[in-house]
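Below is one structure, written out as structure tokens; the observations come after it.
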Amino acid sequence: MVVSGVDQPLFRSFVSVRDTGRAVGAGVLLADDAVLTCAHVVNSALGRDRYDQTLPGPGQAVRVRLPHVAPDRDLTARVEPALWSPPRATAGGSRPVPPGAHLHHGDLAVLRLPGPAPAGAEPAPFLPHAYGNEVIALWASGHPLPTVRAVPRVSAPPWVALDVVGGTEVREGFSGGPLWDRDRQAVVGLVVADHRTPAGARQPQAAATLYAISVPAIEAELPELPPPLVPTARRGVQQLLAVLETILTTPDAVRGCEELLASRLLRPSLGPGADLDRLVGLAVGVRRGVPELLQAVREVMPAGSGPQWERLRRVARAVSPGESLTRKQQRDLNGLLAHCGRTDPRRLLADVLPHAIELPAVTGLADALDVLEGFEAQGAQPMPPLLQGVVRIGVDESEAGAYPAEDLEAWTERTALRLGVDVAAVRQYAADVRGYRAERARAAEQHTRRSFHPTDLHAARNAAHHDTRQTAGWADVGSAAVGMAPLGTAPVEAATTGPAPVGPAPSVNGSRPSRYGSEGGARLSEVPRVQVELLPTATGRHYTYQVWAWSGGDAPHRLVLARDTEVTSEQVVDDIHRVLVEEIREDPEPALVEFFLPAAWLGLPVDRWESFDSDEDGPFGLGFTRRVVIRTARRSRESYAGWKRRTAALDTARSLVLDHGSTDRKVARARLELQPEVGTVIVCCEPRHHGALLRQCVQAGVHTVLWHREEHGESVAAGLLELVEGGHHTQLPETVRLERAKAVAEAASTGHRGRQLSLMYDAPDHRPPQLAPDAWVLTQP
């Protein structure tokens, strides 16, 4: 049978697990002669109890079929004893699962074929799942019609919960099958169960939920599993070869490294036939192969140091951006984390990645650290987020005793050396975290003893506001909430029921209304513009995009660039600069650059991007040389209705501040619903809440949102209100651009508000091009 078209790797690796003449579950080809599936699927195929824990004997063969490669040929397979992990009730021990229990651990098995799979079959590539990426699952027969579509919602060890968004009904037979990410063309988990409303239940049927075992969980559960393949890596491979040539300079060094790497990846060595291409091919072809390569090179060349080693680390990160730990380091860490229970995983992510607009929902420490592993250290901070997270967990655990805190400390220092991080920096970071927490504890104790007199409240608020800036130090790097004393505007006292006045009367939250009149000057719709539909990768560090140009007047929109290979932000700026120079007539004033972003990436700092090579006069910074605004790439019907309502009220629109008192999404929505005349929103709260509030504004139909990426408090809110008041809304992009330019010009002032200023501007001044035809039917004025 010939497999063609989309999803070929899925079809070539999909396995149907059968009981005589019928399919009872599915699996996926892991190697030429190995199939990965669920243990309960094997039990069903052998006619045993679903939760039977005993290892099937050598005489108990399982019938399997590759329906898209050899649809009429049944194969026999037997359970690999070392890779049998039957269902059990708890993470530790082996207590059996009660009949009908929903959540259980283990439930994995590897079936060994008597020889290589039929011609045309190929082992599947594997990757960790990405939140927000739609996945599909095929029924046991492998037929493409009964397909379930779902989106990962939360990682709740041992399973990942997914919301079913379309396709066929979830029923018996999907278990053991691969979850397939179409965007990345990789397996991201195995289907293990689905949620069913009990018979006779009175509550309405909820949205269907599917459960899966994630790739990291599979690797942790089966430590002896050979490293699975990954999608073919291309970016950075040639650079990796080039830098290895400067380190492994003799055939003996290459051979020694290849033999060591092959043994750790459970792959055969080529011995004397090994070369650098073979070495790199081994590493980039499997999960965690690149970190294993770096470890092997370090062991073969223990005296290595200098710039080429730093370059090797940087290139390795580019080739494998989400992986820095070897398989053994990850297993050791997960073993220690199983004994840690004092750290909230969600709080840990928020502390280490305070500026991330969209963080995945995780409920386990192993999943949280898997997320942190995908991020790099920012700025001058030498500590990568992964090590920051482990240090913080160790500090939490030290309050309860020596174990596992001391082992976590030892693991961190050993791993830091391999990652090129100074151990002294690790110890200093840990000391600062402990010092900061001790200081917070003392402050909390003093606060409980202190009683404020009403006349002292104003002085206390001023003192707190005066201390909103963080002192430079380790503990506050990667933790924007340190030392912040958020102060918001006055709460809403009453909703405005009549038309908003045009005069200077204060708004319901204490601010003055913007005088959005017709005297606002030149219309922004007459200004030339470049429009970029930007699609970030899961890590948010590389992008694909399309660029449209419009020169103003009756000129048509023209698609001038489409880049479908992932590049850095600097390349994005280079391309925009080239379009501005070659396609846009920029007289008499600068063009407008609009970034159309998915809702989860509205906080991407595109206004701070720059390129060092695209301008003869020096670095080309978008945010202060051009008007840069963020627009929404998609609106729902509900948000479009709110958008039209707020558009009609623009001439008399008020401004609203969403401060720390509005960080609860229900509260924010209520404030926006109570004030349908609000046209501009100032978001002024801790940065970790920005993403949720930006999405809330989009859903409520707000088209203009101004926010500062780092600072918040009463004075910051007042400064932002000054920018938006007194002029026509079409002048706001130019006002924000000038503020950014002032911040750059005043190099000695690190606190200028324009340095971290961002503007979402989706007002009806100009009709966007057909970026996404179905979605823009709703959003075009």
Side-chain angles (χ1 to χ4, degrees), residues 30-34 116 122-127 186 219 223-332 373-374 376 384 386 414-422 565-566:
L30 182 70
D32 289 338
D33 62 346
E122 294 179 358
F126 285 73
L127 285 175
E219 294 171 334
E224 300 305 318
L225 190 74
L229 300 178
V230 296
T232 304
R234 286 290 181 261
R235 186 189 326 117
V237 170
Q238 296 304 313
Q239 300 175 60
L240 189 58
L241 286 166
V243 70
L244 283 173
E245 286 178 347
T246 68
I247 297 175
L248 302 175
T249 56
T250 66
D252 287 343
V254 175
R255 177 181 175 181
C257 194
E258 191 268 352
E259 290 176 346
L260 184 58
L261 181 63
S263 67
R264 289 182 175 167
L265 298 181
L266 305 181
R267 298 295 197 268
S269 170
L270 291 185
D275 57 14
L276 282 178
D277 287 316
R278 160 66 176 177
L279 181 64
V280 172
L282 269 177
V284 302
V286 299
R287 282 269 292 159
R288 299 200 173 275
V290 174
E292 293 284 5
L293 170 63
L294 265 64
Q295 181 69 14
V297 172
R298 176 173 289 278
E299 293 181 21
V300 171
M301 306 292 291
S305 62
Q308 72 270 32
W309 287 84
E310 293 303 320
R311 186 184 172 204
L312 177 62
R313 292 191 188 96
R314 290 196 302 270
V315 172
R317 192 71 175 177
V319 174
S320 182
E323 299 175 347
S324 57
L325 302 180
T326 63
R327 297 172 68 221
K328 185 177 187 309
Q329 288 169 333
Q330 186 197 36
R331 289 200 302 267
D332 290 347
E373 190 178 1
E376 297 184 35
L386 171 66
R414 291 180 61 223
T415 304
L417 286 173
R418 196 192 67 79
L419 297 180
V421 177
D422 191 344
T565 56
E566 296 174 3

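Two residues are said to be in side-chain contact when any heavy atoms from C-beta on lie closer than 4.5 Å; Arg314 and Arg311 meet this criterion. Side-chain contact check for Glu323 versus Arg287: some heavy-atom pair is nearer than 4.5 Å. In this structure, the side chains of Asp275 and Arg278 come closer than 4.5 Å at one or more pairs of heavy atoms. Side-chain contact between Val280 and Val319: absent, with no pair of heavy atoms (C-beta onward) separated by less than 4.5 Å.
Judged purely by atom type and a 3.5 angstrom limit, Glu292 has no side-chain atom pairing as donor or acceptor with the backbone of Leu261. Side-chain atoms of Glu258 come within 3.5 Å of backbone N or O of Leu270 as a donor-acceptor pair. Between the Arg327 side chain and the Arg264 main chain, a donor and an acceptor come within less than 3.5 Å of each other.
Interatomic distance, Thr246 OG1 to Leu244 CG, rounded to the nearest 0.5 Å: 7.5 Å. Remark: Glu373 CD to Leu325 CG distance equals 4.0 Å, nearest 0.5 Å. The distance from atom CG of Leu240 to atom CG of Leu276, rounded to the nearest 0.5 Å, is 9.0 Å. Atom CG of Leu225 and atom CG of Leu30 lie 5.0 Å apart (nearest 0.5 Å). Ile247 CD1 to Arg298 CZ: the interatomic distance, rounded to the nearest 0.5 Å, is 9.5 Å. Note: Leu293 CG to Leu312 CG = 7.0 Å, rounded to the nearest 0.5 Å.
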List the steps, then state whether side chain to side chain contact (heavy atoms under 4.5 Å, CB included) holds for Gln329 with Arg418.
CA-CA 11 Å; Gln329 288 169 333; Arg418 196 192 67 79; 3.2 Å; yes
request  = List the steps and the verdict of side chain to side chain contact (heavy atoms under 4.5 Å, CB included) for Phe126 and Glu219.
outcome  = CA-CA 11 Å; Phe126 285 73; Glu219 294 171 334; over 6 Å; no
*Given Val286 and Leu282, is the side chain to side chain contact (heavy atoms under 4.5 Å, CB included) satisfied, shown in steps?*
CA-CA 7 Å; Val286 299; Leu282 269 177; over 6 Å; no
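Taking both residues in full, the closest heavy atoms of Pro291 and Thr326 are given as O-CG2, 3.6 Å, listed atom of the first, atom of the second, then distance. When all heavy atoms are compared, the tightest approach of Gly236 to Val315 is O-CG1, 3.6 Å. Considering all non-hydrogen atoms of both residues, Arg267 and Pro226 come closest at NH1-CB, 3.9 Å. Between Ala253 and Val300, the shortest heavy-atom contact is O-CG1, 3.8 Å. Between Leu229 and Ala124, the closest heavy-atom pair is CB-O, 3.9 Å. The minimum heavy-atom distance between Pro231 and Pro125, with the atom names listed, is N-CB, 3.5 Å.
Ion pairing between a basic and an acidic side chain is recognised when a charged N comes within 4.0 Å of a carboxylate O; Glu310 and Arg313 show such pairing.
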